[in-house]
2 protein chains.
Amino acid sequence: MPRALSQRQRAILDYIERFLDENGYPPTIREIQHDLNISSTSVVDYNLNVLEQRNLIRRNRNISRGIELVGRRSAEKRVVRIPLVGQIAAGQPLPVLEEVDPATVNDHIELSVDLVGRSQDGLFALRVNGFSMIDALIGDGDIVVLRRQQTAENGETVAVWLRREQETTLKRFYHEGDRIRLQPANATMAPIYTTPDNVEIQGKLVTVLRSVS
Amino acid sequence: MPRALSQRQRAILDYIERFLDENGYPPTIREIQHDLNISSTSVVDYNLNVLEQRNLIRRNRNISRGIELVGRRSAEKRVVRIPLVGQIAAGQPLPVLEEVDPATVNDHIELSVDLVGRSQDGLFALRVNGFSMIDALIGDGDIVVLRRQQTAENGETVAVWLRREQETTLKRFYHEGDRIRLQPANATMAPIYTTPDNVEIQGKLVTVLRSVS
DNA sequence: CCTTGACACGAACATCTGTTCGCTCGTATA
DNA sequence: TATACGAGCGAACAGATGTTCGTGTCAAGG
């Protein structure tokens, strides 16, 4: 009974959701039929009934456009607002999050949740200044989204502050015995080797974003 | 002209809002008429027109339940759904958009509108395969969002198909006299010079996206 | 007293839109 | 082979719903 949705049923469900977002009211059977290139209204009717039995939609009989999405995740819940707290550049440390007044931050970026993972705690964004992270395929003007954390698993890409070098960098992190290897994402570039007391992990890379004007 | 709403108009507006919350779809003229004890549908029609001129609702003519609340849409309209239509790699052309059946595409990415600009027409997304575009700071697994177009202004970053080389690449575009210069984003790398008949513009780069797992 | 404009009325009309029904096709299952 | 069933098809039907139009009321202004 709880079989998977057919491709057509999924397409219909997606269509209804999109239509609702765009128009503020649900589509008719014929609109679904036409836009999805279905030959007959009765096919749409048939599949809508399946969707209703799966409890994915509710149908109001004899009412035009009487389709409701049951689990309607509102569009707003799919979006997370991430504060853009400052800049990141090679020669300066990250802004200290605790010193950033949340009320002061009026710059935010919005991303859909599937880009940043489920838990949106500790997320913050920085605009990249300069080309110091070009080895991580990150250029001037890009936006990086980080998750605040002080430790890192091997292989994670993290933003670190190198105490001796007085420098911020973004590298893959590997703890190897009593030294630490910081590996650029670009395979053609050489890694940095240093000691644990020299690295201060600032956060883990979650997303990189480049918007071309 | 900007007079206050009549009592009846306010009642209708409230009713629409309540109805929308309860049912997920807008009311018909007759439902408004009946529940508000109005004697004629034309009275409702008349007042709906007034509300529309006040820009409080939008009416979609000849469509049943075609009433939208204007203020309500702003919250939902922040996200655009972009179809992920395929892959992009050096050795193969882009998928032909016209051949992609919209109903088949069940993979989408969602971005907030301010990342892609206002008009969301012609937008499509591709997953990057391989490192052929590393000179544009784009790596394996990244997602690029493009806007379909056949021509380009100087300086725009475009996806082009090089006919002779049988290759897809992503470069800044410059038309210089009777030749074309394709400039990598990475300043340390050399440009490509070629002739107009060799380049086939596929689309303009809008956004680059990298989600780190 | 007459005109004008906002607002309201009711009925007829024309679509829009959901529903139903007989039929086909392919894949299992008995 | 016979039967059942999910899925799809096309057409006709009936009810739901927006539109139009002639008419009526009333207060404001000339």
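No hydrogens, no waters, no symmetry mates; every other heavy atom, side chains included, goes into these values. Computed from a predicted structure; not experimentally measured. Lettering of chains follows the sequences in order, A, B, ..., and the numbering in each one begins at 1.
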Quick check on [N]: is either OP1 or OP2 less than 4.0 Å from any side-chain nitrogen or oxygen of [X]?
{"X": "R8(A)", "N": "dG8(D)", "result": "yes"}
{"X": "N47(B)", "N": "dA8(C)", "result": "yes"}
{"X": "R61(A)", "N": "dG18(C)", "result": "no"}
{"X": "S39(B)", "N": "dG10(C)", "result": "yes"}
{"X": "R59(B)", "N": "dT19(D)", "result": "yes"}
{"X": "Y46(A)", "N": "dG8(D)", "result": "no"}
{"X": "S64(B)", "N": "dT17(C)", "result": "yes"}

hbond_proxy T41(A) side chain to dT17(C) base (donor-acceptor, 3.5 Å cutoff):
no
Check: R30(A) side chain, dG18(C) base, donor-acceptor under 3.5 Å:
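Looking at the base of dG18(C), it does pair with a donor or acceptor on the side chain of R30(A) (distance under 3.5 Å).
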Given atom [atom1] of [X] and atom [atom2] of [N], what is their separation to the nearest angstrom?
{"X": "N60(A)", "N": "dA16(D)", "atom1": "CG", "atom2": "C1'", "value": "14 Å"}
{"X": "I29(A)", "N": "dT20(C)", "atom1": "CD1", "atom2": "P", "value": "10 Å"}
{"X": "I67(B)", "N": "dG18(D)", "atom1": "CD1", "atom2": "P", "value": "7 Å"}
{"X": "I32(A)", "N": "dC16(C)", "atom1": "CD1", "atom2": "C1'", "value": "15 Å"}
{"X": "N37(A)", "N": "dC9(D)", "atom1": "CG", "atom2": "C1'", "value": "15 Å"}
{"X": "D35(B)", "N": "dT17(D)", "atom1": "CG", "atom2": "P", "value": "12 Å"}
{"X": "I38(A)", "N": "dG18(C)", "atom1": "CD1", "atom2": "P", "value": "13 Å"}
{"X": "I57(B)", "N": "dG18(D)", "atom1": "CD1", "atom2": "P", "value": "12 Å"}

Closest-nucleotide 5' rank along DNA chain D - winner of V50(A) and R65(B)
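First, find each residue's nearest nucleotide; the 5'-ward one identifies V50(A).
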Test item: side-chain donor near acceptor, [X] and [Y], under 3.5 Å:
{"X": "N49(A)", "Y": "R59(A)", "answer": "yes"}
{"X": "E68(B)", "Y": "N23(A)", "answer": "no"}
{"X": "R181(B)", "Y": "Q183(B)", "answer": "yes"}
{"X": "N154(A)", "Y": "E176(A)", "answer": "no"}

Criterion side chain to side chain donor-acceptor pair (under 3.5 Å) against E156(B), the qualifying member of K171(B), R172(B), Q149(B)
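Of K171(B), R172(B), Q149(B), side chain to side chain donor-acceptor pair (under 3.5 Å) with E156(B) is met by Q149(B) alone.
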Indicate, with a heavy-atom threshold strictly under 4.0 Å, whether D45(B) touches base, sugar-phosphate, or nothing.
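It contacts base atoms.
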Is the CG atom of D197(B) crowded by more than 12 outside heavy atoms at less than 6.0 Å?
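More than 12 within 6.0 Å, yes.
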Do any N or O atoms of the protein come closer than 3.5 Å to N or O atoms of nucleotides 21-25 of chain D, and which pairs are they?
none

Are T195(B) and I180(B) close enough, and set up right, to give a side chain to side chain contact (heavy atoms under 4.5 Å, CB included), and what steps lead you there?
CA-CA 6 Å; T195(B) 52; I180(B) 284 177; over 6 Å; no
Using 30° and 60° as the class boundaries, would you call the ring planes of Y15(B) and F19(B) parallel, tilted or perpendicular?
tilted
By nearest heavy atom, map E31(A) and S40(A) onto DNA chain C; which one lands nearer the 5' end?
E31(A)
